[in-house]
There are 2 protein chains.
Amino acid sequence: MVYTEKRIEHALRQGGYKITPQRRTIINAVINSHEHLTPAEIHGRVRRENPGIGLVTIYRTLEILASLNLICEMHAGGNCRSYLMRRPLEHHHHLICSDCGTVIDFTDCNLGELERRLSKETSFKISGHLLEFVGQCRKCRGKTLVGQDINA
Amino acid sequence: MVYTEKRIEHALRQGGYKITPQRRTIINAVINSHEHLTPAEIHGRVRRENPGIGLVTIYRTLEILASLNLICEMHAGGNCRSYLMRRPLEHHHHLICSDCGTVIDFTDCNLGELERRLSKETSFKISGHLLEFVGQCRKCRGKTLVGQDINA
DNA sequence: TACTAAATGAAAAAGATTTTCAATTAGCAC
DNA sequence: GTGCTAATTGAAAATCTTTTTCATTTAGTA
Ligand SMILES: [Mn+2]
Ligand SMILES: [Mn+2]
Ligand SMILES: [Zn+2]
Ligand SMILES: [Zn+2]
């Protein structure tokens, strides 16, 4: 199921939100990028088409889109800035280069059984999960010799 | 293997860092908490023992401790502030309540095989992973009816 | 005890995100 | 189409978080 502009606008309407030119522009910027963008980056792109648009509107729109599950946030290791990214075509996860930031998507995670067990043991109603592997890409290997575990 | 003050100080010395009263206080604050604390929260606690200590010193010390793998950061969904947390006794992951922020640790993740495959396919040298489940705890359930997927 | 590089804290700077509020506008009723 | 109204927008200010600078202090060592 692909997230087209039409579908996203439909979802917005369903949620009781209005369709404004600003929102249209933002949605297009996000749809048309295959990268994970920060609000500031989205602002930069959106301005090319609509120079007057404010960064605040980006934040507000992204918040709505995220609340409707149309896009979502990404939390990379290292410096924990909030990176917003486009909603992909399907559930997937990331493999991130800790040096250059390259992000590779992958789709299989097989966490269903673990999720079921946790849910049972803790009485949580689990609604999602975040899985990221961190390492060094081929390019970046050979420069440093670190190897850190980002879990805790 | 438990991270006592002594062991952490040893690791600092090994890394070429000096042991200062400030660092001692910060380490103790982190060791003695079973919660995940932000730099500001750590500052608050540390000040009770050493009122003059600056927030900058917290940041600097936490950065060192993280670089030595003695503590690490946590990236929760929702508002992506960087939460620092104490290094637990072993590799583990989190189950987080999206409403009240309660964090439950769990240790099994069985990601070895997936990691090996990814590593092979992408030529990444994988050094760690981050796995978090998000949901609603028992208490918080019954209030709202959301159910979001935090992946992308 | 003296030396020196490392560490500290105050203050400023830099960034990111949120709040406020007056002006504008999308969607709807007529 | 016209007008109404609540939602939306953007500028500015306010908040927060994190980093940088720099003068002063201090831990570790000889
Ligand atoms: Mn933990
Ligand atoms: Mn992705
Ligand atoms: Zn890389
Ligand atoms: Zn809860």
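What's counted below: heavy atoms across the whole structure, side chains too, no hydrogens, waters or symmetry copies. Quick caveat, the model's predicted, so the values are computed rather than measured. In the text below, chain A, chain B and the rest are named by the order of the sequence lines, each starting its count at 1.
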Task: Residue whose nearest DNA chain C nucleotide is more 5′ - A/Ala40 or B/Val56 - done: B/Val56

- [ ] Measure from the side chain of A/Pro21, starting at C-beta and using heavy atoms only, and say which of C/dA26, C/dT17, C/dA6 lies closest.
- [x] C/dA26

Does the pair [X]/[Y] count as a salt bridge with the N-to-O cut at 4.0 Å?
{"X": "B/Glu9", "Y": "B/Arg24", "answer": "yes"}
{"X": "A/Arg117", "Y": "A/Glu121", "answer": "yes"}
{"X": "A/Glu41", "Y": "A/Arg45", "answer": "no"}

Can you measure [X] atom [atom1] to [N] atom [atom2] for me and round it to whole angstrom units?
{"X": "B/Ile64", "N": "D/dT19", "atom1": "CD1", "atom2": "C1'", "answer": "15 Å"}
{"X": "B/Leu55", "N": "C/dA11", "atom1": "CG", "atom2": "P", "answer": "14 Å"}
{"X": "A/Glu9", "N": "C/dA26", "atom1": "CD", "atom2": "C1'", "answer": "13 Å"}
{"X": "A/Gln22", "N": "D/dT8", "atom1": "CD", "atom2": "P", "answer": "11 Å"}
{"X": "A/Ile53", "N": "D/dT8", "atom1": "CD1", "atom2": "C1'", "answer": "11 Å"}
{"X": "B/His43", "N": "D/dT17", "atom1": "NE2", "atom2": "C1'", "answer": "14 Å"}
{"X": "A/Asn50", "N": "D/dT8", "atom1": "CG", "atom2": "P", "answer": "17 Å"}
{"X": "A/Tyr59", "N": "D/dT8", "atom1": "OH", "atom2": "C1'", "answer": "19 Å"}

- [ ] Determine whether any donor atom in the side chain of A/Arg60 lies under 3.5 Å from an acceptor atom in the base of D/dG10, or the reverse, and answer yes or no.
- [x] yes

Ignoring backbone atoms, test whether [X] places a side-chain nitrogen or oxygen under 4.0 Å from the OP1 or OP2 oxygen of [N].
{"X": "B/Thr20", "N": "D/dT26", "value": "no"}
{"X": "A/Arg13", "N": "C/dG27", "value": "yes"}
{"X": "B/Arg23", "N": "D/dA27", "value": "no"}

Task: Path from B/Leu65 to B/Val56 over hydrophobic side-chain contacts below 4.5 Å - done: no

TODO: Check the pair B/Leu95, B/Glu132 against side chain to side chain contact (heavy atoms under 4.5 Å, CB included), reporting the backbone distance first and the verdict last.
DONE: CA-CA 6 Å; B/Leu95 170 55; B/Glu132 291 176 4; over 6 Å; no

Open item on the list: Regarding B/Gln22 and B/Asn50, do their side chains bring together a donor and an acceptor under 3.5 Å, going by distance alone?
Closed with: no

Protein-nucleic acid N or O pairs under 3.5 Å, nucleotides 28-30 of chain C:
none

Task: A/Thr122/B/Phe106 under side chain to side chain contact (heavy atoms under 4.5 Å, CB included): CA gap, chis, key distance, verdict - done: CA-CA 10 Å; A/Thr122 63; B/Phe106 64 93; over 6 Å; no

TODO: Could you pick out which residue, B/Lys18 or A/Gly16, lies toward the 5' side of DNA chain D when each is mapped onto its nearest nucleotide?
DONE: A/Gly16

